[in-house]
Visitor: 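Here's a structure for you.
In what follows, every chain begins at residue 1, and chains take the letters A, B, ... in the order their sequences are listed.
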2 protein chains.
Amino acid sequence: MKTNGVKLDERDLRIIEILQREGRLSKSELARRVHLSSTPCWERLRHLEDAGIIEGYEARVSLKAFGPLTQVVVTVELESHLPADFARFERAIQDHPEIHECDSLGGGIDYILKVLARDLESYQAFMDQLLSAGLGIRRYFTYVVTKPVKRSPPPVTRLTGPEGRKISP
Amino acid sequence: MKTNGVKLDERDLRIIEILQREGRLSKSELARRVHLSSTPCWERLRHLEDAGIIEGYEARVSLKAFGPLTQVVVTVELESHLPADFARFERAIQDHPEIHECDSLGGGIDYILKVLARDLESYQAFMDQLLSAGLGIRRYFTYVVTKPVKRSPPPVTRLTGPEGRKISP
DNA sequence: CCTGAAATCTATAGGTA
DNA sequence: TACCTATAGATTTCAGG
């Protein structure tokens, strides 16, 4: 990984913070918010994007609007922990849009998945298919999401020191 | 909840799909992509936003760029399952930006949290503080995220029938 | 759903401290 | 280096068909 560090000052962090919550704000309004004229603000934003600090922008969709839908959290333990087995599982995960979140975990659970399905029946049909795919899944646990309690952008700007800080893109 | 259903056709779903991945696409380019001129496309988008189907837009930030950071998945079980206890816990969750995801679950775990911290030490300090806050947490399990495997927009447009479908906003 | 046009925004050029 | 103003070209928004 290249570690050509980049200094981000308070203004850069503020730009990030604003766009994490209002991703489609116009560049001119953004400039107003951070007390800059449009050019330097535009240059800062371009830098944040080019450096890969801002990776992209996403519309956030209301699941309720499309409801009824079923969200499920699934924990997965694999049969075997050889690197090739992990790799095969992780590759397969990418092919299934139903799985929209997956993290590898330490501490007794190998993976945690977040699955979106029309209902529990189609969730189970999906899992049956996944289990039959020869991915070396030893066991899994299903936890239905009964209520989404909170979803907010990762607080990256709060975890960086108060003064300018090196960032590795 | 008002259930004034709204019909979404293929074009609307396509608009949603595109903006879920390219949230800052210009409206004129969006119109090009869905083979419309800019006015009707603009009207459709405005409707999706006004109806709350598209809730907002977010910049996606690279956690690696801000690294080293520690992501932790935490499962929580409460002492007591009275509605007031759930409510108190859920209210408290909102006040902590470190917790950027929280879902209420069925199946033996009450809540699952996603916590972002600078390192394991500050994660533990945060949890100690949360445990001392009198939220009725009986026990919790910590699973460090060793590798983010996948993150993609929820596939809402795939879960809706092929023809126009009623949506409740 | 279209065209057209005024208001606004974007991206760049050129200049100051 | 970091900021500014000015401006041509693109985009957004809306009126009218």
Side-chain angles (χ1 to χ4, degrees), chain A residues 2-61 157 160-169, chain B residues 4-61 65-66 157 160 162-167 169:
Chain A
K2 275 185 299 177
T3 50
N4 36 339
V6 179
K7 286 264 185 188
L8 298 192
D9 65 13
E10 278 302 324
R11 273 228 183 81
D12 294 312
L13 295 179
R14 185 79 189 115
I15 288 171
I16 290 168
E17 222 166 54
I18 291 171
L19 291 178
Q20 279 187 299
R21 298 186 181 271
E22 296 171 79
R24 246 187 120 112
L25 204 64
S26 78
K27 292 179 173 88
S28 49
E29 173 59 20
L30 181 63
R32 242 162 263 140
R33 299 263 191 105
V34 298
H35 309 293
L36 277 177
S37 68
S38 91
T39 306
C41 183
W42 183 83
E43 278 164 354
R44 279 164 183 266
L45 179 52
R46 187 167 63 128
H47 171 248
L48 293 172
E49 291 171 349
D50 289 352
I53 293 163
I54 291 178
E55 296 177 329
Y57 301 88
E58 300 175 357
R60 185 177 60 259
V61 163
T157 60
T160 186
E163 77 301 330
R165 180 195 157 137
K166 280 259 186 69
I167 299 296
S168 42
Chain B
N4 34 340
V6 180
K7 285 264 188 189
L8 298 192
D9 64 14
E10 278 302 324
R11 273 228 182 82
D12 294 311
L13 295 178
R14 184 81 189 114
I15 288 172
I16 290 168
E17 221 165 55
I18 290 172
L19 291 177
Q20 278 186 301
R21 298 185 183 271
E22 295 171 80
R24 247 189 121 120
L25 203 65
S26 78
K27 294 179 172 88
S28 51
E29 174 59 21
L30 181 63
R32 243 161 263 141
R33 299 263 192 103
V34 299
H35 309 295
L36 278 177
S37 65
S38 92
T39 305
C41 182
W42 180 82
E43 279 165 352
R44 281 164 182 264
L45 179 53
R46 188 164 65 126
H47 171 249
L48 292 172
E49 290 170 351
D50 289 351
I53 293 163
I54 291 178
E55 297 177 328
Y57 301 88
E58 300 174 357
R60 185 176 61 256
V61 162
F66 284 88
T157 60
T160 185
E163 77 299 332
R165 181 196 157 133
K166 278 259 186 71
I167 299 295

Visitor: Hey, what do you get for CZ (B/R44) to CZ (B/R11), rounding to the nearest 0.5 Å?
Guide: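 Here the rounded value is 5.5 Å.
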Visitor: State which residue, out of A/I15, A/T157, A/I53, fulfils the side chain to side chain contact (heavy atoms under 4.5 Å, CB included) condition with A/L8.
Guide: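 Among A/I15, A/T157, A/I53, the one meeting side chain to side chain contact (heavy atoms under 4.5 Å, CB included) with A/L8 is A/I53.
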Visitor: So, A/R24 side chain and B/L25 main chain: donor-acceptor pair closer than 3.5 Å or not?
Guide: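 A pair under 3.5 Å: yes.
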Visitor: Can a side-chain donor-acceptor contact be found between A/E49 and A/Y57 if the only test is distance below 3.5 angstrom?
Guide: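 There is such a pair between these side chains.
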Visitor: Going from OG1 on A/T39 to NZ on A/K27, what distance comes out if it is rounded to the nearest 0.5 angstrom?
Guide: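 Spacing of OG1 (A/T39) from NZ (A/K27) equals 12.5 Å.
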Visitor: Do A/E29 and A/R33 have side-chain heavy atoms sitting under 4.5 Å apart?
Guide: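 Answer yes - side chains close enough.
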Visitor: When you check every protein heavy atom under 4.0 Å of nucleotides 1-13 of chain C, what one-letter string (B, S, -) results, 5' to 3'?
Guide: SBBB----SSBBB
Visitor: Given the rule in the side chain to side chain contact (heavy atoms under 4.5 Å, CB included) test, do A/L36 and A/W42 qualify, once you have shown the distances and angles that lead to the verdict?
Guide: CA-CA 10 Å; A/L36 277 177; A/W42 183 83; over 6 Å; no
Visitor: What's the angle between the local helix axes at either end of the helix from C/dC1-D/dG17 to C/dA17-D/dT1, using five pairs per end and rounding to 10 degrees?
Guide: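 Between the first-five-pair axis and the last-five-pair axis there is 30°.
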